[in-house]
Amino acid sequence: MQLWLPDVSYYQGKVEWEKLKGKIPGAIARTGYGDDIKSQDDIYAAYNLKECNRLGIPVAAYMYSYADSDAHMYSEIAHEKRVTKGYNVVAHILDIEEWKNQKYVKRACKLWLEAFPDNGIIYAGRAYWNGPMKGLECMRWVPAYGTNNGKRQKEFEPDIEKVGWQFTSRYHLQGINGNVDMSEWYGFPFADLEPIEIKQTRRIVTKKEVAALIMKHYCVHNRHGYTQNMDDRTGGKDTETIDIYGKKYTIHAGDFDCSAAVIASYEAAGISCGGATYTGNMRERMVRSKNFAWRSMKFIAQMGDTYLNEAHHTAMCLSADPDVLMQFSINEKGTATGGKPGDQLQKGEYDQAYGRGESHLRLYYDYPWDGILQCINEEIAFIVEADGTITESSSDDGFTAGGEKEVEIVKPEKTDTDLAVEVLFDVHGSGDNRRKALGGRFDAVQGEVQRLWNSQHERTQAEKAYMKKFGCKDLIRA
């Protein structure tokens with residue numbers, strides 16, 4: 001049995017670590033990239049480190065390096081120390097991938113290893129170890145994917161002394177959105193851990209999740225920039241094919257504005273937006289499609305829901321906690337039209353690969369938003385079987401019209417707190433109608449309603465727990 005570990009970054013979105021506890025021996029999480037600037041922290045760094053520590057999952061941290069001088073390298077070291085301060089981190093890894101800095105990388109690695117003498121590791125490909133970093137004495141983590149089919153292909157294992165081999169970027173695990181890197185470890189810091197047999201599990205993928213993953217692709221891939229030019233704002237005529245858990249989706253390939261990107265993502269996933277074309281008609285037409293419900297800002301947006309300012313702007317939610325938004329904002333000139341096609345960086349921004357240009361991910365901010373378009377479409381797009389094959393969700397394969405295979409999904413009983421959340425969403429009406437709907441549980445549920453009403457924190461936690469157990473369908477009043 002091999003010792004396999006995933007490594008994650010903002011690209012995987014919010015990892016459900018609870019689902020991974022006991023299923024993986026450890027993990028590696030990105031802290032950030034480049035100089036010690038807070039905006040260059042990985043959006044999910046604190047969350048990932050905190051959750052791994054809370055659940056007892058051994059975790060190493062890695063920093064993506066851009067250093068081309070000692071000043072930059074010392075800043076990256078400070079960056080790593082700041083983000084990991086207060087957390088139990090078993091190793092500090094420097095990620096070397098910027099070939100343009102090849103003349104400096106050996107020096108960068110030496111400074112990193114001096115800063116972390118007991119648990120410093122260097123990640124780099126064979127071209128570095130056989131070239132500009134040849135002869136460097138250190139613990140090595142080496143990527144080599146072969147055909148990158150999501151499996152360990154022994155014939156492609158790099159013939160380099162190493163503590164870890166990253167053998168694919170296309171593994172999938174329950175609890176992680178999209179593909180994830182997987183590595184086999186032989187030495188420090190994971191050598192003493194008990195190997196766990198990691199199995200790729202059956203995964204049910206909803207259309208709403210697909211829409212969010214398409215939007216994420218739009219926001220982090222440098223082919224997609226911002227424009228309000230009426231001929232180009234909906235992605236243009238060209239198309240591209242992207243991979244979501246092994247299923248291919250054909251999407252528009254060009255530039256968007258904020259509303260067109262959101263609408264295009266839903267439509268490509270098979271969720272109609274009712275003919276919506278811009279922020280001013282998104283609320284009316286998307287709600288009319290019956291795939292969306294309008295919510296106040298008290299609602300806790302989930303992955304695939306959309307924040308909307310009806311006059312000016314919109315952004316889709318990637319995760320609720322931390323609350324991360326995906327958006328198209330403005331072109332590289334600071335204007336709505338006239339920029340170059342594709343995603344250019346704004347003045348003062350650093351990393352195009354991270355997606356900090358015209359389209360990007362960022363932590364929640366109040367635009368201000370008028371409200372939230374909750375995507376209430378719960379149809380299943382497809383199922384990834386344990387062996388990686390794709391099962392389509394169609395009416396002739398045992399699925400219901402709503403997309404769920406009845407024998408596969410069993411929802412838990414609703415507690416008094418769950419019913420109280422429904423009351424706060426006005427599902428059960430008021431007065432005698434509510435009393436009739438709740439029957440003998442009326443008094444207990446009313447007590448929970450009062451408790452949640454008096455504490456915004458408790459209400460938020462209850463809503464999150466409800467959505468995790470039941471989704472959103474039951475919160476829509478008939």
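Heavy-atom basis, side chains included; hydrogens, waters and symmetry copies ignored. Count residues from 1 along the sequence.
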Please confirm whether the backbone N or O of Phe156 pairs with a side-chain atom of Tyr145, one donor and one acceptor, at under 3.5 Å? no
Side-chain (Ser329) to main-chain (Glu358) donor-acceptor, under 3.5 angstrom: yes
Under the criterion side chain to side chain donor-acceptor pair (under 3.5 Å), which of Arg82, Lys81, His72 is the partner of Asp36? Arg82
Which residues pass the ring-ring contact (aromatic ring centres under 6.0 Å, His included) test with His252, sequence neighbours left out? none
Check whether any side-chain heavy atom of Lys208 sits under 4.5 Å from a side-chain heavy atom of Asn377, and report yes or no. no
Hey, is Asp70 close enough to Arg107 for a salt bridge, meaning N to O under 4.0 Å? yes
Kindly check if the number of other-residue, nucleotide or ligand heavy atoms within 6.0 Å of NZ (Lys85) is above 12? no
Is it true that Tyr218 and Phe256 have ring centroids separated by less than 6.0 Å? yes
Intermediate values then yes/no, side chain to side chain contact (heavy atoms under 4.5 Å, CB included), Tyr307 and Ile372: CA-CA 5 Å; Tyr307 292 94; Ile372 296 166; 3.8 Å; yes
Are any side-chain N or O atoms of Asn331 and backbone N or O atoms of Thr227, one a donor and one an acceptor, separated by less than 3.5 Å? no
Regarding Lys216 and the six-membered ring of Tyr11, is the cationic atom NZ or CZ under 6.0 Å from the ring centre and inside 45° of its axis? yes
Decide yes or no on side chain to side chain contact (heavy atoms under 4.5 Å, CB included) for Tyr62 and Glu80, but give the supporting numbers first. CA-CA 8 Å; Tyr62 77 94; Glu80 174 78 0; over 6 Å; no
Those residues that, when tested against Asn148, pass side-chain hydrogen bond (donor to acceptor under 3.5 Å, both in side chains) (two or more places apart): Thr168, Ser169
Ala46 meets the side chain to side chain contact (heavy atoms under 4.5 Å, CB included) criterion, sequence neighbours left out, with Tyr87
Separation between CD (Glu184) and CZ (Arg152), nearest 0.5 Å, reads 4.0 Å
Pick from Trp165, Phe167, Phe188, Trp185: which one makes a ring pair (Phe, Tyr, Trp, His ring centres under 6.0 Å) with Trp141? Trp185
Going by side-chain hydrogen bond (donor to acceptor under 3.5 Å, both in side chains), name the residues that satisfy it together with Asp95, two or more places apart in sequence or in a different chain. none
For His313, all residues meeting ring-ring contact (aromatic ring centres under 6.0 Å, His included), sequence neighbours excluded: Tyr367, Trp369
Give the C-alpha distance, both sets of side-chain angles, the deciding distance and a yes or no for ring-ring contact (aromatic ring centres under 6.0 Å, His included) between Tyr64 and Tyr66. CA-CA 7 Å; Tyr64 188 100; Tyr66 283 97; 5.1 Å; yes
Within-4.5 Å side-chain heavy-atom neighbours: Ile77 and Met63: no
For Arg126, is there an ion pair with Asp159 - N to carboxylate O distance below 4.0 angstrom? no
Looking at Lys23, I'd like to know if its NZ atom is crowded, meaning that more than 12 non-hydrogen atoms belonging to other residues, nucleotides or ligands lie closer than 6.0 Å. no
For the atom pair CG (Asp42) and OH (Tyr33), what is the distance rounded to the nearest 0.5 Å? 9.5 Å
salt_bridge(Lys162, Glu157) N-O dist < 4.0 Å: yes
Do Tyr44 and Ser319 pair up side chain to side chain, a donor and an acceptor below 3.5 Å, judged on atom types alone? yes
salt_bridge(Lys248, Asp243) N-O dist < 4.0 Å: yes
Return yes when atom NZ of Lys110 has more than 12 non-hydrogen atoms of other residues, nucleotides or ligands closer than 6.0 Å, and no otherwise. no
Can you name the residues that form a ring-ring contact (aromatic ring centres under 6.0 Å, His included) with Trp129, not counting sequence neighbours? none
Flag the pair Tyr245 / Leu213 as yes when at least one side-chain heavy-atom distance between them is below 4.5 Å, and no otherwise. yes
